[in-house]
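I have placed the structure first, in the form of structure tokens, so that the comments after it can refer back to it.
First listed ligand is number 1; within each ligand, the first listed atom is number 1. All residue numbers in this chain count up from 1 along the given sequence. Here the structure is a predicted model, which means the values were calculated and not measured.
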Amino acid sequence: MTHPFLDLPPLSAARFASVEDRVARLLGTEQDVVIMQGEALLPLEGAIRGTAGPGSTALNVITGPYGQTFGNWLRDCGATVIDLAVPFHTAVSAEQVRKAFAEHPEIDFVSLVHAEAATGNTNPVAEIGEVVRERGALFYVDAVASVGAEPVLVDAWGVDLCVIGAQKAMGGPAGVSAVSVSARAWARMTANPAAPRRSYLSLLDWKERWLDGGRKVLPHAPAQLEMLALEACLDRIEAQGLEAVMGRHRTAAAATRAGAQALGGGLEPYVHDAREAAPVATTLRTPAGVVASGLVARALAADPALPLAAGGGALAKEMIRVNHYGPDATPETVQGCLAALGAALAEQGLTVDPEGARRAAENAWH
Ligand SMILES: *Cc1c(COP(=O)(O)O)cnc(C)c1O
């Protein structure tokens, strides 16, 4: 008997290229899109190591944990790094980026995370892109947590390197990822003697061995199962319509926010301004004296399938993450999370209004 995962025909170059084309459409770009055979950290690191070097000055925006990682890679490449860190309860503004350019006109690279699943904020990429373009710097954006949850418009926003992964709002696999690369970004990489070459991190290898040859022969055996899963994930998004998928995430975020506010018990949205809250995931601040990781553990004891987590590192004390993305961007999951959090708060002796929370969340879906 043939096994559905094991006895597969080879994945053709044409099929691989067609998945790339569909990702390009999803991102609204005519740029080259390279599908990388690994989790999103592969193109995130490869794109930085390909374009940054001792001659460059990078403005690294930190609105969550990934920004910190990018700064470390940039420094490791020998770039001069200017960190622009903003508190995790807010987004960065285009004005702050403009000010950084005024203070450091030598900035030639900007790294930014679009939406932060880890801290629950989303940054105004379109407005920041305008500033970056005016200054002629290269614009690198991590859209792993935004793609599928909110618009990602690579060409309209002037993004030079846009990295996505399928494992968040796209509801797909984590083992493959993609990056769009502008002509300017290719030129920067080609001119960078330190850019990875003949390396798994190398985007230039994909350019030379795949794109420049007209995508006829794959440079190595593709991660076949992940490619098929990504293709299936695109099928599903295209069938449902990207607008509908994004709408589901937007509503899940609004419902979670409204529900948490109505629940009371001292729980509050972590991101102050709703316009800066990411559609992909909602973060909540626990009241003084309630440790977030403990509260999440109680809620998960009641229902281990709920997409609840405490914040990472020091945030585990005060931040709850409701990861309502992909298959979890539904009214049932949001209601389940609110009910479990309400019960956990009540167990700690706090006064909550679970029925009010349920109604507030329900209203958001209508
Ligand atoms: C999830 C995510 C990634 C991918 O990293 P993992 O730690 O493997 O999940 C990268 N960037 C952002 C902004 C993410 O939310």
Identify which of [options] has a heavy atom lying nearest to [atom].
atom	options	value
atom 15 (O) of ligand 1	Gln167, Lys168, Glu116	Lys168
atom 11 (N) of ligand 1	Leu41, Val141, Asp142, Val280	Asp142
atom 3 (C) of ligand 1	Tyr325, Phe70, Tyr66	Tyr66

Does ligand 1 have any atom that is closer than 4.0 Å to a heavy atom of Glu39?
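True for this residue.
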Does ligand 1 have an atom under 4.0 Å from some heavy atom of Ala115?
yes
salt_bridge([X], [Y]) N-O dist < 4.0 Å:
X	Y	answer
Lys99	Glu95	no
Arg298	Glu347	yes
Arg188	Asp108	yes

Which of the numbered atoms in ligand 1 are under 4.0 angstrom from any heavy atom belonging to [X]?
X	result
Ala117	15 (O)
Ala145	15 (O)
Val113	13 (C)

So, for Tyr140 and Phe109, is the gap between ring centers shorter than 6.0 Å?
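Ring centres of Phe109 and Tyr140 closer than 6.0 Å.
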Strictly under 6.0 Å, is that where the ring centroids of Trp157 and Phe139 end up?
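When the ring centroids of Trp157 and Phe139 are compared, they turn out to be at least 6.0 Å apart.
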How does His114 reach ligand 1, if at all, at less than 4.0 Å between non-hydrogen atoms: by side chain, backbone, both, or neither?
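Neither; nothing of His114 gets under 4.0 Å from ligand 1.
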Who pairs with Pro196 by side chain to side chain contact (heavy atoms under 4.5 Å, CB included), at least two apart in sequence or on another chain?
Arg49, Ser199, Leu201, Ser202
For residues 224-232, please give each side-chain donor-acceptor pair under 3.5 Å, one per line with the distance, not counting sequence neighbours.
residue, atom, partner, partner atom, Å
Gln224, NE2, Pro9, O, 2.5
Glu231, OE1, Arg15, NE, 3.1
Glu231, OE1, Arg15, NH2, 2.7
Glu231, OE2, Arg15, NE, 3.1

